[in-house]
> 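Okay, here's the structure, questions in a sec.
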Amino acid sequence: MSDPVLLTDGPDTGLVSHMRNPIAEQRLMVDGGGSVELSNREVLAISGVDRLGWLHSLTSQFLDGMEPGRTTTSLVLSPTGHVEHVLHGVDDGQTFWAWTEPGRGADLAAWLDSMRFMMRVEVALRPDMTVRWFGHDVAVSDGVVLDSEVAGGHEVILPVDAEIPGDADPVGVLAWEALRIAAGIPRIGLDTDDRTIPNEIGLYGTHMDKGCYRGQETVARVYNLGRPPRRLTLLQLDGSRAELPEVGADIHAGGRRVGAMGSSANHGVDGPIGLALVRRGVDVGLELEVDGIAAGQQPLVDPEVGLHVCPVV
């Protein structure tokens with residue numbers, strides 16, 4: 001087996017970039033195999049009898065009475081409705097286990113802890129636990145299992161020293177990222193910025209039939225009136241250049257700045273692709289340009305109401 005190649009920059013610095021050919025690794029993942037190290041994700045454990053109703057009141061997702069074993073994604077918003085944190089989690093009947101993006105765990109845990117008041121909950125950041133993605137055909141017997149948004153696999157929260165199943169060939173995060181982007185799944189803090197509201201990313205992690213929570217007024221107002229300021233789009237990038245755009249690079253149309261680039265990757269079927277936030281009013285048929293690279297648009301979000309117009313799997 002080839003020695004792993006590590007990423008040297010970006011939010012996933014230090015993780016395995018690829019083991020062999022990233023395109024072949026994508027095929028392995030789609031076929032149900034593979035194991036991807038996501039050890040830079042930060043794990044939280046929220047316990048106590050009031051945990052689900054309490055989280056329901058604080059976040060954008062419907063969590064009250066959630067049955068054990070159901071995977072969910074929920075956002076923490078600012079008072080003005082801007083996305084601050086994400087929780088990908090599952091409840092096991094006693095504890096709500098969740099992972100969040102790298103570098104965000106301590107702030108998220110501190111904010112949640114500050115909101116406990118008299119509720120019977122405990123919030124713990126768990127550096128002794130890690131996250132790995134496994135293909136849907138890989139037998140996983142240990143850990144807390146979440147349904148993954150990527151390639152129909154599973155994300156498993158398990159001890160950092162846990163053994164990896166022998167039938168799970170290791171693959172790198174380049175393959176995982178390519179499949180995530182192709183599915184239109186945004187990473188909070190990478191494909192979003194400090195001005196992003198849930199409506200701009202297709203109400204990702206947001207339930208529209210629940211009671212009040214922080215930031216709900218903005219979400220409901222934009223949902224009812226339509227017309228979010230920006231919309232998430234999947235870009236089909238010109239493949240004649242080897243390099244991919246930088247995260248945060250300006251996107252132009254006709255010489256005018258119309259958005260900002262998020263993540264990008266080389267997909268085995270679709271070629272170079274990326275996610276971007278562009279102004280709502282930009283014609284979906286207009287060719288864009290980012291870092292000198294031409295880009296066609298595949299709309300992910302209805303510009304009028306902020307809902308996904310393409311299925312997210």
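Quantities reported herein were computed from a predicted structural model and do not represent experimental measurements.
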> Please indicate whether Glu122 has more than 12 foreign heavy atoms, meaning atoms of other residues, nucleotides or ligands, lying under 6.0 Å from its CD.
no
> Please round to the nearest 0.5 Å and tell me the distance separating atom CG of Asp12 and atom CG of Leu15.
5.0 Å
> Do the side-chain N and O atoms of His88 and Thr73 include a donor-acceptor pair separated by under 3.5 angstrom?
yes
> Output yes when a side-chain donor or acceptor of Asp113 lies under 3.5 Å from a complementary backbone atom of Ala109, and no otherwise.
no
> Is it true that Arg231 and Asp302 have a side-chain N and a carboxylate O under 4.0 angstrom from each other?
no
> Treating Ser35 as the side-chain partner and Asp169 as the backbone partner, does any N or O pair qualify as donor plus acceptor under 3.5 Å?
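Looks like no, no N/O pair under 3.5 Å.
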> Tell me the closest heavy-atom pair linking Gly143 and Leu158, and the distance in Å.
CA-CB, 4.2 Å
> Under a 3.5 Å distance rule, please check whether Thr233 uses its side chain to pair with a backbone N or O of Leu235 as donor and acceptor.
no
> Look only at the side chain of Glu37 and the backbone of Val131, and say whether a donor-acceptor pair between them is shorter than 3.5 Å.
no
> With a 4.0 Å cut-off, would you call Arg214 and Glu84 a salt bridge?
yes
> Check the surroundings of atom CD in Glu243: do more than 12 heavy atoms from other residues, nucleotides or ligands lie under 6.0 Å from it?
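More than 12 within 6.0 Å, yes.
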> Mark yes or no: Arg41 above the aromatic ring of Trp133, with NZ or CZ under 6.0 Å from the six-membered ring centre and no more than 45 degrees from the axis.
no
> Which heavy atom in Arg180 sits nearest to a heavy atom in Asp191, and how many Å separate them?
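In terms of heavy atoms, the two residues are closest at NH1-OD2, 2.9 Å.
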> Looking at Arg104 and Asp107, is any side-chain nitrogen of the basic one under 4.0 Å from a carboxylate oxygen of the acidic one?
no
> Does His56 offer a backbone N or O that forms a donor-acceptor pair with the side chain of Thr59 under 3.5 Å?
no
> How far apart are the C-alpha atoms of Ile157 and Leu146, what are their side-chain angles, what is the distance that settles it, and do they pass the side-chain contact (heavy atoms from CB on, under 4.5 Å) test?
CA-CA 8 Å; Ile157 297 173; Leu146 292 77; 3.9 Å; yes
> Check this for me: does any side-chain nitrogen of one of Arg51 and Asp64 sit under 4.0 Å from a carboxylate oxygen of the other?
no
> Taking all atoms of both residues into account, what is the closest heavy-atom pair of Gln298 and Gln236, and its distance?
OE1-NE2, 3.4 Å
> Do Val219 and Leu77 make a side-chain contact, defined as non-hydrogen atoms from C-beta onward lying under 4.5 Å apart?
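Yes; the side chains approach each other to less than 4.5 Å.
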> Taking the side chain as C-beta and beyond, is there a heavy-atom pair between Leu44 and Val123 under 4.5 Å?
yes
> Would you name the heavy atoms of Leu237 and Pro245 that are closest together and state the gap between them?
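The answer is CD1-CD, 3.8 Å.
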> Identify the heavy atoms of Thr100 and Val86 that sit nearest to each other, and give their distance.
OG1-O, 2.6 Å
> Are the side chains of Ile164 and Phe134 in touch, meaning some heavy atoms are under 4.5 Å apart?
yes
> Is the backbone of Gly103 close enough, under 3.5 Å, to the side chain of Glu42 for a donor and an acceptor to pair up by distance?
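Answer holds: yes.
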> Assess whether side-chain contact (heavy atoms from CB on, under 4.5 Å) is satisfied between Tyr213 and Leu75, documenting all intermediate values.
CA-CA 11 Å; Tyr213 56 93; Leu75 305 176; over 6 Å; no
> I'd like to know if Asp193 pairs up with Arg230 as an ion pair, taking the criterion as any Lys NZ or Arg NE/NH1/NH2 lying under 4.0 Å from an Asp or Glu carboxylate oxygen.
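The answer is yes: the pair qualifies as a salt bridge.
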> Side chains of Glu149 and Tyr204: do they bring a donor and an acceptor to under 3.5 Å?
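Looking only at side-chain atoms, Tyr204 and Glu149 do form a donor-acceptor pair, the distance falling under 3.5 Å.
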> Is a donor on one side and an acceptor on the other found under 3.5 Å between the side chain of Glu287 and the backbone of Ala295?
no
> Check the pair Trp54, Arg116 against side-chain contact (heavy atoms from CB on, under 4.5 Å), reporting the backbone distance first and the verdict last.
CA-CA 8 Å; Trp54 176 71; Arg116 288 188 301 119; 3.9 Å; yes
> One pair to check against side-chain contact (heavy atoms from CB on, under 4.5 Å): Ile46 and Leu112. What are the steps and the verdict?
CA-CA 9 Å; Ile46 302 167; Leu112 289 171; 4.0 Å; yes
> Hey, does the side chain of Asp194 reach the backbone of His82 with a donor-acceptor pair shorter than 3.5 angstrom?
no
> Roughly how far, to the nearest 0.5 Å, is CG of Asn266 from CD1 of Ile181?
9.5 Å
> Would a distance-only check, ignoring hydrogens and angles, find a side-chain to backbone donor-acceptor pair under 3.5 Å from Trp99 to Thr130?
no
> Less than 4.5 Å apart, side chain to side chain, heavy atoms only: is that true for Pro229 and Arg279?
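Counting from C-beta outward, Pro229 and Arg279 never come under 4.5 Å.
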> Ion pair present between Glu155 and Arg132, side-chain N to carboxylate O less than 4.0 angstrom?
no
> For Thr218 and Thr80, indicate whether the former's side chain and the latter's backbone hold a donor-acceptor pair under 3.5 Å.
yes
> Is it true that Ile185 and Val301 fall in one hydrophobic cluster, defined by side-chain heavy atoms closer than 4.5 Å?
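Linked, Ile185 and Val301 end up in one cluster.
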> Considering only NZ, NE, NH1 and NH2 on the basic side and carboxylate oxygens on the acidic side, decide whether Glu177 and Arg187 come within less than 4.0 Å.
yes
> For the residue pair His252 and Gly255, what are the closest heavy atoms and their distance?
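Heavy atoms only, the tightest pair is CD2-O, 4.0 Å.
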